[in-house]
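Numbers restart at 1 for each chain; the letters A, B, ... are given by sequence-line order, proteins then strands. Since the model is a prediction, treat every value here as computed from it, not as a measurement.
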Number of protein chains: 2
Amino acid sequence: MSLPHAILTALVEKPSSGLELTRRFDRSIGYFWSATHQQIYRELGRLEAEGLIRALPGQQPARGQKKSYEVLPAGRDELARWTAAPHDPKPLRDTMLLRLRAAAVVGTAGVEADLRRHLELHERQLAEYEAIEKRDFPPGRDSAEDRLRHLVLRAGIDLETFWTQWLGRALAEFAELPGDGPA
Amino acid sequence: MSLPHAILTALVEKPSSGLELTRRFDRSIGYFWSATHQQIYRELGRLEAEGLIRALPGQQPARGQKKSYEVLPAGRDELARWTAAPHDPKPLRDTMLLRLRAAAVVGTAGVEADLRRHLELHERQLAEYEAIEKRDFPPGRDSAEDRLRHLVLRAGIDLETFWTQWLGRALAEFAELPGDGPA
DNA sequence: AGGATCATGTAAATCGTTACATGATTAA
DNA sequence: TTAATCATGTAACGATTTACATGATCCT
């Protein structure tokens, strides 16, 4: 039940159309919450029906016409309520870890190449986050919003750092391992 | 499409009944792939229908009767194929990070208590993983399977370490922040 | 005999992904 | 004028979650 609140957050930050939201969910928002345009349009419809957002006035609702939304007071209240409410952390679900556990019983053939590919992907992501940090959070300027957003970006940086280190360690292990046998 | 392969991995490690699998998905398997008993029973049915697993012979299929499964050769082949195939890493989706981003626009009231609660939960999880590491992976003994399983556990330990550190930093930020205003 | 727990399922709702459909705008 | 792209959707399916249902076994 987080997608509607991700959209509310994005719209409070800046009223947007469905496609603009989609773009933002591929960039900054997407660093901690991803969504496709199909999810976004469906959810925009629901949020509007519930009276939490509304289309900006002065726009005809024709298909193919741009339609921007803004958050209504009820939407802001709901977002504040959700943000303050306790939520349990979700258990981890990671395919690569599962594949390594599987490799322990069916053999390691083929996994190493994908470990290397993942390492490259995470290194690229890490470099992108660090560029954003340098650009958007220079030392000194620190409003409360800035510090919170910087904190979120730090989580992304630290997580990508973890993955690059762990994948490096995994590849080092593979180098020492015997062949591809099922054990 | 990873749940069937998580179940195959578990069953290759040791043939089990649905409830036994459920218990294992609350313990070791669950450290990187969680599943409820409803998912597990449904998937066991599918895997059996596809001829990848079978009920251990010599058991009547009555309701409420324990029924154990083992992996057939076709199941082991499918698991090896899936393990070797490339998979893209899934984008991050984390509720706490989203809530902090939301807090930047609707105010931080109430979040701090849950940050503290999460910190405790992650500290407990980290302690549990470290106890397992001490118990199951003493230095010296290192078969190929052991090294791979240890690697997976290390990921869990490092991830929990990241969270405890990041949550600590977040709480330190909150201590320096002004009141609960929407910015 | 009765209740707790073990064990296996069913049903319904929501969420997420993939594929497809359709109108509007812009540029060759 | 036609092709590409912008923009908004629909449809279908699979995965996940929550709630409920039911038989078997064990203990008192």
| How far does CG of D158(A) sit from CZ of R169(B), to the nearest 0.5 angstrom? | 5.5 Å
| Polar side-chain atom of E130(B) near backbone of A127(B) as donor-acceptor pair, under 3.5 Å | no
| task | Figure out the CG/P separation between L56(A) and dT8(D), and round it to whole Å. | result | 12 Å
| field | Protein-nucleotide distance (I40(B), atom CD1; dA7(C), atom C1'), rounded to Å | value | 13 Å
| field | Partner residues of R93(B) under the side chain to side chain donor-acceptor pair (under 3.5 Å) criterion, sequence neighbours left out | value | S34(A)
| remark: Closest to the 5' end of DNA chain C, once R23(B) and W33(A) are matched to their nearest nucleotides, is R23(B)
| remark: Taken to the nearest whole Å, CD/E20(A) to P/dA7(D) is 7 Å
| query | Toward the 5' end of DNA chain C, which comes first, L19(B) or K90(B), by nearest nucleotide? | reply | L19(B)
| Phosphate OP1/OP2 of dG9(C) contacted by Y41(B) side-chain N/O (<4.0 Å) | no
| request: Is it possible for you to say whether F137(B) and V105(A) belong to one hydrophobic cluster, with membership spreading through side-chain heavy-atom contacts below 4.5 Å? | output: yes
What pairs of nitrogen or oxygen atoms, one from the protein and one from nucleotides 12-15 of chain C, lie under 3.5 Å apart?
residue: dC15(C); atom: OP2; partner: R46(A); partner atom: NH1; Å: 3.0

| query | Mind checking whether Y31(A) and Y129(A) have parallel, tilted or perpendicular rings, split at 30° and 60°? | reply | perpendicular
| Can you tell me how far C1' of dT17(C) sits from CG of D26(A), to the nearest Å? | 15 Å
| request: Quick one: pull up CG in L153(A) and CG in D146(A) and give me the separation to the nearest 0.5 Å. | output: 11.5 Å
| Nucleotide dA15(D), atom C1' - distance to CG of L98(A) in whole Å | 16 Å
| field | H87(B) NE2 to L98(A) CG distance, which is reported to the nearest 0.5 Å | value | 9.0 Å
| request: Mind checking S17(B) for me? I need base, sugar-phosphate or nothing, with any heavy atom below 4.0 Å counting as a touch. | output: sugar-phosphate
| field | Strand-adjacent residues in residues 78-89 of chain B, judged by heavy atoms under 4.0 Å from DNA chain C | value | none
| message | For the CG atom of L121(B) and the CZ atom of R116(B), what is their distance to the nearest 0.5 Å? | response | 13.5 Å
| If you find the nucleotide of DNA chain D closest to T36(B) and the one closest to Q38(A), which residue's nucleotide is nearer the 5' end? | Q38(A)
| said: A quick test of your reading: do over 12 heavy atoms of other residues, nucleotides or ligands sit less than 6.0 Å from CZ of R135(A)? | reply: yes
